[in-house]
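Heads up: the structure comes next, in structure tokens.
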Amino acid sequence: MQHSFASLPPDFYTRLMPTPLPQPYLVAASADAAALIGLDEAALAEQSALDILAGNAIPDQAQPLSAVYSGHQFGVWAGQLGDGRAILLGEVPTSAGPIELQLKGAGLTPYSRMGDGRAVLRSSIREFLCSEAMAALGIPTSRALAVAGSDQGVVRETMETSAVVLRMAPTFIRFGSFEHWFYRNQPEQLKTLADYVIARFYPALQDSANPYAALLETVTRRTAELIAHWQAVGFMHGVMNTDNMSILGETIDYGPFGFMEAFDSNHICNHSDHQGRYSYGNQPQIGHWNCYALGQALLPLIGDVETTQAALDVYQPAFAAKIDALLRAKLGLATAQDADRDLLDAMFGMLHDNRPDFTLFFRRLGNLQLAADTSLEGNAHPDAPLRDLFIDRAAFDAWALRYRARLRQENSIDSVRKAAMDAVNPKYVLRNYLAQVAIEKAQQKDFTEVARLLTVLRRPYDEQPEHEAYAALPPDWASRLEVSCSS
């Protein structure tokens, strides 16, 4: 095990040991994540591995530390934050590059503020499942190797039990890591961090005329494309603070996230977000805002406002190009035409007005037949499974007429289009109620549903007829579920 972050000056972090988790037990493990670092899933069940997962032992050559950073939270400068419950162990070399291993929930750090440094079983399971689900969807993300639980009690809204999730990423450096040194007026540390990030993760930028502007432009583009992926699959992060934004353009820090069910462009998945800052519809512009915050932090290195602005200007075209490409793929369109934006805008207007299930709409859209007799009524209507998601069926029929006409313009073939659409429109996503069912069983020491749900989410685009129930409309009680920042 190596630890390049530990080579930075001491004011970037605090060295400390994890706080042991009493009588730990394995809740879940990801074979896919384990394979990334050359481990066998079975090895994670061994006591020696469990001790590491729980923070009761550390790997050979590990140098545990917690990083300092700052950030804007809900648009307001929050000052110093830092790893309040995360401890970075080091990095493992892999064929794809080093991967850092970080324990989340491993106890108090100097940056815990008023917290206890612990994570609860509920939030740890949610992060574990969503990290692996997002990876299977093809969306850039940190990964989760395993969750270790304990009967140790911690107080949130109620008394809960502790857990630690071991998460993995090439780095956990975030926008707020740069903001920290900018707002403290410490340009040497700011440059040290930027040089480290460029050398380690963006070495090609070292030959740029202005490497720091190139860094900002690259991160801005990656962030725009990441959020386009979120929008296309209906994912809502919930807490897009600058301290939760990865410098690599990956999804990190899973808290009160959610996947869109009944479509509402203004949907807020975080019960703590009283102003709706991080609603589904706001995510693209908040991503842009966060990039501006990073640009402000990098301005002393870039040198002038005009160059900084030019780097930030890539956001809108990058987002537009990526979301258009993703949405065309979701509609099975093999070509791009000028009128496609009108078709897409009409679709989203129809979705917002009728509130169909987002995931089911796109998945069932792949079954639409070009030559179907749409004059039939009721259950005999060829689009019935899709059409029945809408209150205003006439509105759907009108849009479907336009959609069919668009498909005919490129001589679309039903079977070919369906195969392509099924490859990009997931049948299975991590719905909140599915996570809740798994959590409630896990709280009774039954971890089988966590494992089963992970199995389903590993293949989100496959039919999996044996797991059909996981693709159904959510039950009525699911609408009453709430997640907040404490989640």
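Values reported hereafter were calculated over all heavy atoms of this structure, with side chains retained and with hydrogens, waters and symmetry mates removed.
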Between [X] and [Y]: side-chain donor-acceptor atoms closer than 3.5 Å:
X: Thr141; Y: Tyr254; result: yes
X: Glu440; Y: Gln436; result: yes
X: Ser30; Y: Asp32; result: no
X: Arg417; Y: Ser412; result: yes

[X]-[Y] aromatic ring centre distance below 6.0 Å:
X: Phe263; Y: Tyr280; answer: yes
X: Phe175; Y: Tyr69; answer: no
X: Tyr315; Y: His288; answer: yes

Original post:
Can you list the residues that meet the side chain to side chain donor-acceptor pair (under 3.5 Å) rule with Thr161, with sequence neighbours excluded?
Top reply: none

Original post:
What closest approach, in Å, do Thr109 and Asp83 show between heavy atoms, and which atom pair accounts for it?
Top reply: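 Answer, listing the atom of Thr109 first, then Asp83: OG1-O, 2.6 Å.
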
**OP:** Take Leu21 and Arg118 through the test side chain to side chain contact (heavy atoms under 4.5 Å, CB included) and record every step on the way to the result.
**Re:** CA-CA 10 Å; Leu21 196 65; Arg118 286 300 187 191; 3.6 Å; yes

Between [X] and [Y], is there a side-chain N and carboxylate O pair less than 4.0 Å apart?
X: Glu225; Y: Arg222; result: no
X: Arg364; Y: Asp383; result: no
X: Glu132; Y: Arg458; result: no
X: Arg143; Y: Glu250; result: no
X: Asp253; Y: Lys104; result: no
X: Asp422; Y: Lys418; result: yes
X: Glu217; Y: Arg221; result: yes

So, [X] side chain and [Y] main chain: donor-acceptor pair closer than 3.5 Å or not?
X: Arg85; Y: Ala106; answer: no
X: Asn241; Y: Asp243; answer: no
X: Glu179; Y: Thr242; answer: no

Original post:
Got a second to check how far Leu370's CG is from Ile413's CD1, nearest 0.5 Å?
Top reply: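 Taking CG in Leu370 and CD1 in Ile413, the distance rounds to 10.0 Å.
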
Original post:
Checking side chain to side chain contact (heavy atoms under 4.5 Å, CB included) for the pair Lys427/Leu360: CA distance, chi angles, key distance, verdict?
Top reply: CA-CA 7 Å; Lys427 182 170 183 176; Leu360 287 179; over 6 Å; no

Original post:
Hey, is CD on Gln275 packed in by over 12 heavy atoms from elsewhere, all under 6.0 Å?
Top reply: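 Check fails, neighbour count at 12 or below.
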
Subject >> For His237, all residues meeting ring pair (Phe, Tyr, Trp, His ring centres under 6.0 Å), sequence neighbours excluded >> reply: Trp230

**OP:** Describe, in one word, how the ring planes of Phe390 and Phe361 are oriented to each other, choosing from parallel (under 30°), tilted (30 to 60°) and perpendicular (over 60°).
**Re:**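 Perpendicular.
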
Original post:
Has Arg126 got its NZ or CZ under 6.0 Å from the middle of the six-membered ring of Phe257, at an angle within 45 degrees of the ring axis?
Top reply: yes

